[in-house]
Each structure stands twice: as structure tokens, then as C-alpha cells.
Amino acid sequence: MLYETAAPGGFFSLVPLIVVFPLVGLLINIIFGGKLSEKVIGTVASSASGLAFVVAVLQMISLFSHPEAVTVPVASWIQIGSLTIDWAFRVDTLSVTMMMVVSGIGTLIHIYAIGYMHEDVRINGDPGRFRRFFVFLNLFIAAMMILVSGDNYLMLFVGWEGVGLCSFLLIGFWYDKGKDGIGNALAAKKAFVTNRVGDFGFLIAGFLMFSTFGSLQFDTVFKAAGQNSLAHQGVIFAITMFMLLGVTGKSAQIPLYVWLPDAMAGPTPVSALIHAATMVTAGVYLVARSAPLYTLAPDAQWWVATVGGVTALFAASMAVGQFDIKKVLAYSTISQLGFMVAAVGSGAYVAGIFHLVTHAFFKALLFLSSGSVILGVEHGLHHVEHDPKLKKTLKGGHHFDPQDMRNMGGLWGRMRTTAVVYIIGALALAGIVPFAGFWSKDEILFETFNKYPHVFWLLLIAAFFTAFYMTRQIWLVFFGEPRSAPAEHAHDNPPVMTIPLMILAGLSVLGGALNLPVLHSFEHWLAHTLEAGLPAAEGAATAEAGATAAKGILGFTWGGLDPVVAIGSTLLALSAIAFGYYLYARRYQALQELPVAKRPDDPMRELIGPVFTVFENKYWVDELYKLVILDTYVAAAKFLAEVVDWKFWHDFFHDTVIAGGYRLLTRVLSVQIDLGVIDWIANRLADVTQGLASAGRRLQTGLVRNYALSVLLGVVLILGYLMLR
């Protein structure tokens, strides 16, 4: 049953359009895309996402005059017994912030993808897939919008599964490419299966929620949990921990982070969309949205924060040893998600969402810029392959890897625009003031310092690694002499790709202003706006550390930033940059003068040896998972198939028990019963009949006198009988 929208004033009634516009865009391209040019297809898809962004902005404007959460029902969805769930949109500052990030960054990625995919589909030899890519991209935006705007956990789960499906479709977009022609398909399957493990946790949490509180609607669940927190403390802990399992899958935390690096198999715009603004932020949003439940489960908060802190450091160390330009950023994303998860686990929900927003700016910038670099090197490779003299210089022939940073270098003078915006993104990621990442990352460090000191130290070390591996990447890619002919002939890309990069670079510089301290009140604008969407989180969740946090280490703070933490973390990042500069701007260049046979591929390998090998091989976690989980699963499947199913069920049970038993039974029936009993009876009856017939034949002589005598004797016997009677 459809409802008439009953939202108070403003533009709240338009909120369903954030899903409708992307769906209309993909339907247009599905139905008419075969007759449209690439520019029109890209424009339709980008406009659909852009219109969704306009609707999100209108929702934010409406919230200025009506800051309380508004529910906009669309239709009655599920009515089973006591369970009633509407398809309804929730408009509050948390959901609208996510809407704006998803649609805003998503629109820039759509525009960038018009130029990128024009080249990519031709490099991969299938221009026909251009339309399919933008259909999937619009579907991704629509699913994510459902996830962040739903008014209940079931609607959130629909979006949750939708982005999982879209990630599978987009990671495996070039499903016939990769190692052995199936590498990308395997990467997509890995992402899909790993996320199903996390989804199991989300489902169990939902079942527990409904069985305990009788609802899946946010406000109803939170109210019931608050009123019966002591009676249901164990259940609430179980719900929040099962949610954490879902978070580790979707937001790539330990132990389910392994799918995210392999997601690099998708085209670069996909990497930017998944890593920056959509799928991986869903887990952080889930914890923030469920803040009232986590407030009631402090043990679960500790686990969330600890998982985030360990993941941040673990992934940052792995990024140090990667040579694929996108793999470095992939492990960086896992690390930064660890920062966000640690923040929301510490009750610092505003800091976590703030870092989600700034990270969307600079990580989208870095991924799209890496795509620009890769495309530039591929242009150089194309030039080299068509020049017989230059083609001889390729060290791998047609196996040349345009994503390997060891094949780059010297791109500063050849791709100046990309280099500048890349450096801006790297500085923001490293947390250098005044870039956006500084304000959000240092706020997280400050909050964890007061709540969970062990998490603070994990994040601080991770921040050092972050600044170092980004310095390493910048120098390997853009500075020094070109280390391959394709790098020497690389060039920048057209404005349709570079303009979105410039916009994202501006946001990476100015994005921190969203939460800059207001000097006259020492309060944050973003915190004010998000408090309306997280009343329980800002009221109860942070009350425990509120008194300590307000004072800071020196007894005061500046707009929520502790000067000691901020200055200390900045100096730490600068020291990491200086160390990276020494190794790669000085030491690495000196190593290039050595003979090729004695030249290490990375000065870090020469410096820390086996430790670098551990980082490069990612602690062999994938191999461990393969040995413990995959190989065990395959061995179990093989045992069940060959031993249980074939040898036991087929050979023994079917052939021996069933078929052998059938043959034995038929032998008993045919030999013992049929021949031994039934045939014996029939034969004896035949013998008796034959004997009687033989005796009867003696009376049939054929002589008339014998028959006359017989008649006479019969008459005599009858008469004798009558006389005697």
C-alpha cells in the first residue's frame, strides 16, 4: 500500500528521488543505450547521480530549519504477524551527510569515468562494455542510497546486499582478464564470498533484534533497548558483536579485509567508488547508526575500537611493501577504515564520520589520480609498442605492467596536473596541516587517547607508516629519472578526467573547514549538525570521557583538538616524510647507479631485509587463509565427493548395498521361491495329472465287448446295491 508523503515543510518529500534518479539513469542506458554515443551514455549516468546530489543538498537545506529526524514513508512493505515494516526514508544529519558524500563523490567519479572508460574499453578490446559499466555504476549509487537512507535495518540490509552485488559486477567487470584469463573473475568471487561471511553476522544481529525487541525500525529498537538494557544486556552485546562481524566484511577489517586489495581488478573508477565513498563506508555507517546500542554495550565498543586500531596498523605496514600503485592505496584504505572504526568504537561518532567525509575527498582523488597515471603510462606503452626501436627497450615485452611503480619515475615533468593533485591527496592522507586529513585524523587520535590509550598508540604508529608509504609512492612515481620507456613517453589526460581531480584536490585542501574550530564557542559546525542525527551517541556514548576530553593533556583544547596530540602527530608525519625523502630521493637514486645485478628494487629491502619481504608478501595472510580455509574446504569437498559420495554412496551403498541386495533378493525369489517352491508345486500337480491320465488310459481299450462288459458289470453292481439295501 502506497502512502501519501507526510513530511514537515521543506524538501523532505523529494527524498525518494535520491534512489529514483539513478534507477532512471540506468534504465535509460539499458533501453536506449545501444543507440546512444558514449558521451550521451556517460552524460545520462552522470546526470542521474548529479540530480541525486541536488536532492541530498535540498535535504540538508531542509534540516537547517527542521533539525529533527524526519521519516518519509513511501509504501507498506512487509506485514507478517506482529512485524510491520514500511519502505520509508529517514532524513537526519547522519543520513544526509552520507547521501551528499555518496552522490557528490559518485558524480565526480562518473564524469571522470567517461574519459577513463573511453580508453579502457579500447585497451581491453571491447568498446561494447562502455554502456554496461555505467549501468552498473548507477546501480551502485542507487543501492548505496537505499543503505544510508533507510528507516529500518531491513531496508538498510537491502542496500547492504545491493552494494555487495554491484561490487561483484564491477570488480569482475573484465571477468575474462587477469591471471589465466580468470584472475578478475576470481577476485570478484573472493569479494562476494568474503562479504557473505560478514552478512551472516548482520543477519544474526537482525534476527536477535526482532526476537528481542519485536521490531527492526531504528527508533523502536533503540527505545526498547534503552528501556530494558539491564534485562537484555547479554542480547545487546551479542547483537553489537554480530554487527561487528558484518562491519569487518563490508568495511574490510581484520579478519575479513582480504577481499579489498583484490578489488583492484576492477577499472580504476570502480576502485575509487568502492574505496572512497560507497561500499567500504557502510560498516562505519552501521556502527554510527547503531550508536544507542553500542552505548549500552561498552565491551562491544572496546572490541570495535581494538579491531579498528589493529587493522589500521596492520594494513599500513603492508602498504609499505607494495609496488602496484593501486595496491598501495588499497591497503591505505583498509588502514584509514581502521581509523574510522576505531573512532566510532570509541564513541567518537562525529570524528569517525568526519574522517569518512574527508577520506572520501582525498582517497577518491588518489585513486582517480592513480588511474590517470596508469592511463598516461599505457599511452606511453602504446607509443613504444608502435616504435620498433623503442619496443626493444621493454623488459617484459607485452607483459609490461603499467601499474608497477618500479616502471614509473619522472612523471612530474610529463603529467604535471596529475602530479600536483596527487601530492595534495598524499599530504591530506598523511595528515599534514592544513589539509583535510589533519583535522579529522587528529580528532580521532585525541578521542582514542582519552578513551582507549592502546588504540591511540596503534593509530599513531599507523599514521607514521601512512606518511612514509605515501612519500615512497610519490617519489617512485613522479620524481627521479623515468625507469622505463613508457614512463618516458607518458602524458597527461583530457579535461574530462583532470577537472574532477582538481575539484577533489580543492575539497582535500578545504574539506577540513567542515569541522574547523569556531573560536568564540570552541564548538564544531559538523558536530552540531551530526548531533541531531546521533542524539544517543553524543549524549550517553561520550559522556564517560567528556570531562577528560574537554581539558586535554595540557588542561585545554582548541575546538576539540589537543595541541599536544596535534603537534606530536604532525611532527611524526613530517619525520616519516623526511625519512622517505632520504631513502627515495637520495638513497634510491644512488642505488640506480649500481650494476643492474646488484641494484635492489627498493632501498627498504636493503635496509630491513626480511621485514620488507614480510610486508611485501602481506604477512602471507592470503596464503594462510588458503592453507587453513580454502585448502581444507577443497579437501573436505574432495573427500565428500570422491569418498563419501562416490566410493561410499555410489560404489558401496548404490552398487553393493542396493544393487547387490537387489540381485541377492532376485536370486532368492527366482531360485528358491520360484524354482524351489512354486515350480515344484506346479510340477507335482503335473505328475499327479499325468499319473491319473496314465491310469485312465488303461480303461480306454477301444473294444466294444469290453465296454459292453463294463456296462453289464455296472448294472449288476447297481442292482446288487439296490437289493441289499
Side-chain angles (χ1 to χ4, degrees), residues 68-69 90 92-95 97-98 151-153 156 201-202 205-206 208-210 212-213 215-247 251 253 282-309 340-356 443-444 446-453 455 524 526-550 560:
E68 292 80 14
R90 183 183 184 88
D92 59 22
T93 47
L94 176 60
S95 64
T97 299
M98 294 298 296
D151 189 50
N152 54 74
Y153 281 104
L156 190 157
F202 194 158
L208 288 173
M209 206 179 300
F210 173 67
T212 305
F213 306 121
S215 178
L216 293 173
Q217 200 275 331
F218 295 140
D219 292 333
T220 304
V221 170
F222 300 156
K223 183 178 180 181
Q227 291 174 345
N228 302 279
S229 58
L230 294 178
H232 301 303
Q233 193 169 7
V235 175
I236 294 173
F237 175 76
I239 290 171
T240 50
M241 289 301 291
F242 276 115
M243 280 187 183
L244 175 59
L245 178 59
V247 171
S251 289
Q253 300 294 285
V284 180
Y285 170 77
L286 176 63
V287 178
R289 176 56 73 192
S290 305
L293 295 179
Y294 280 96
T295 300
L296 300 172
D299 290 341
Q301 284 186 309
W302 185 91
W303 276 107
V304 173
T306 301
V307 167
M340 300 175 211
V341 171
V344 294
S346 301
Y349 298 98
V350 171
I353 296 300
F354 181 34
H355 194 57
L356 184 153
E443 189 169 342
I444 292 174
F446 173 56
E447 296 285 355
T448 55
F449 177 82
N450 286 285
K451 187 72 177 285
Y452 299 121
V455 176
H524 291 184
L526 184 62
H528 274 306
T529 56
L530 280 178
E531 279 176 7
L534 298 169
E538 291 304 310
T542 60
E544 179 183 338
T548 306

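In what follows, every heavy atom counts, from backbone to side chain, and hydrogens, waters and symmetry copies are set aside.
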Donor-acceptor contact below 3.5 Å, side chain Thr448 vs main chain Val455: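 Checked: no pair found.
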
Side-chain donor/acceptor of Ser346 to backbone N/O of Ala348, under 3.5 Å: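 Side chain of Ser346 to backbone of Ala348: no pair is present.
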
Could you state the interatomic distance from [atom1] ([X]) to [atom2] ([Y]), rounded to the nearest 0.5 Å?
| X | Y | atom1 | atom2 | answer |
| --- | --- | --- | --- | --- |
| Gln253 | Met340 | CD | CE | 9.0 Å |
| Ile239 | Phe210 | CD1 | CZ | 12.5 Å |
| Ser251 | Tyr285 | OG | OH | 13.0 Å |
| Leu208 | Met241 | CG | CE | 13.0 Å |
| Ser290 | Tyr349 | OG | OH | 8.5 Å |
| Thr240 | Trp303 | OG1 | CH2 | 12.5 Å |

Criterion side-chain contact (heavy atoms from CB on, under 4.5 Å) on Met243 and Arg289, from CA distance to verdict: CA-CA 11 Å; Met243 280 187 183; Arg289 176 56 73 192; over 6 Å; no

Audit row: Tyr452, Thr306, side-chain contact (heavy atoms from CB on, under 4.5 Å) steps and yes/no: CA-CA 8 Å; Tyr452 299 121; Thr306 301; over 6 Å; no

Please report the closest heavy-atom contact between [X] and [Y], naming both atoms and the distance.
| X | Y | value |
| --- | --- | --- |
| Val304 | Gly345 | CG1-CA, 3.6 Å |
| Asp92 | Ala69 | CB-CB, 3.8 Å |
| Ala351 | Ala343 | C-CB, 4.5 Å |
| Ala297 | Ile236 | CB-CG2, 4.2 Å |
| Leu356 | Met98 | CD2-SD, 3.8 Å |
| Phe213 | Ala224 | CD2-CB, 3.8 Å |

Trp302, CH2: over 12 other non-hydrogen atoms inside 6.0 angstrom: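 Yes, the 6.0 Å shell around CH2 holds more than 12 heavy atoms from other groups.
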
Taking the side chain as C-beta and beyond, is there a heavy-atom pair between [X] and [Y] under 4.5 Å?
| X | Y | value |
| --- | --- | --- |
| Leu216 | Met209 | yes |
| Val350 | Glu447 | no |
| Phe202 | Leu286 | yes |

Phe354 vs Ile444, side-chain contact (heavy atoms from CB on, under 4.5 Å): CA-CA, chis, key distance, verdict: CA-CA 9 Å; Phe354 181 34; Ile444 292 174; over 6 Å; no

Derivation of the side-chain contact (heavy atoms from CB on, under 4.5 Å) call for Val284 and Val341: CA-CA 6 Å; Val284 180; Val341 171; 4.1 Å; yes

Contacts of Phe237 that satisfy ring-ring contact (aromatic ring centres under 6.0 Å, His included) - sequence neighbours left out: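 Checked Phe237 against ring-ring contact (aromatic ring centres under 6.0 Å, His included); zero matches.
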
